[in-house]
Amino acid sequence: MERFKRPLAILSLILMGTLIFGALILAVIGTEDALRLLMADLFCLMVVPAAFYGYLLVLKLKKQKEEESQELS
């Protein structure tokens with residue numbers, strides 16, 4: 001499970017950078033369609049990090065359960 005952390009972190013950084021850059025561009029454009037896309041972009045800026053954090057929590061809990069089961073055996 002450890003081997004997934006670094007690629008996942010790199011992927012999340014790339015995605016977050018893209019979303020931030022897109023938000024800046026959409027804010028400058030300012031048309032009605034751009035404002036709707038900006039709201040979707042800002043929503044993704046909140047949801048994507050939460051999803052990655054949740055994934056890491058699940059990995060951590062799974063690792064702890066595996067270690068506990070190995071100690072008991």
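None of these values were measured; they are calculated from a predicted model.
Screening residues 8-28 for salt bridge (charged side-chain N to carboxylate O under 4.0 Å, His left out) gives no qualifying pairs among residues at least two apart or on separate chains. Among pairs with a residue in residues 14-35, those fulfilling salt bridge (charged side-chain N to carboxylate O under 4.0 Å, His left out) read D33-R36, at least two apart in sequence or across chains. Screening residues 48-57 for salt bridge (charged side-chain N to carboxylate O under 4.0 Å, His left out), with sequence neighbours left out, gives no hits.
The only member of K62, E68, Q64 that meets side-chain contact (heavy atoms from CB on, under 4.5 Å) when paired with E66 is K62.
When hydrophobic residues (I, L, V, M, F, W, Y) are linked wherever their side-chain heavy atoms come within less than 4.5 Å, the members clustered with Y53 are L57.
Distance CG/L19 to CG/L24: 11.0 Å, rounded to 0.5 Å.
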Can you give me every donor-acceptor pair (side chain of residues 37-50, partner residue at least two apart or in another chain, under 3.5 Å) with its distance?
from : atom 1 : to  : atom 2 : distance (Å)
D41  : OD2    : A23 : N      : 3.2

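Remark: I14 pairs with I10, T18 by the side-chain contact (heavy atoms from CB on, under 4.5 Å) rule, at least two apart or across chains.
If you chain together hydrophobic residues whose side chains sit under 4.5 Å apart, V58 and L11 never meet in one group.
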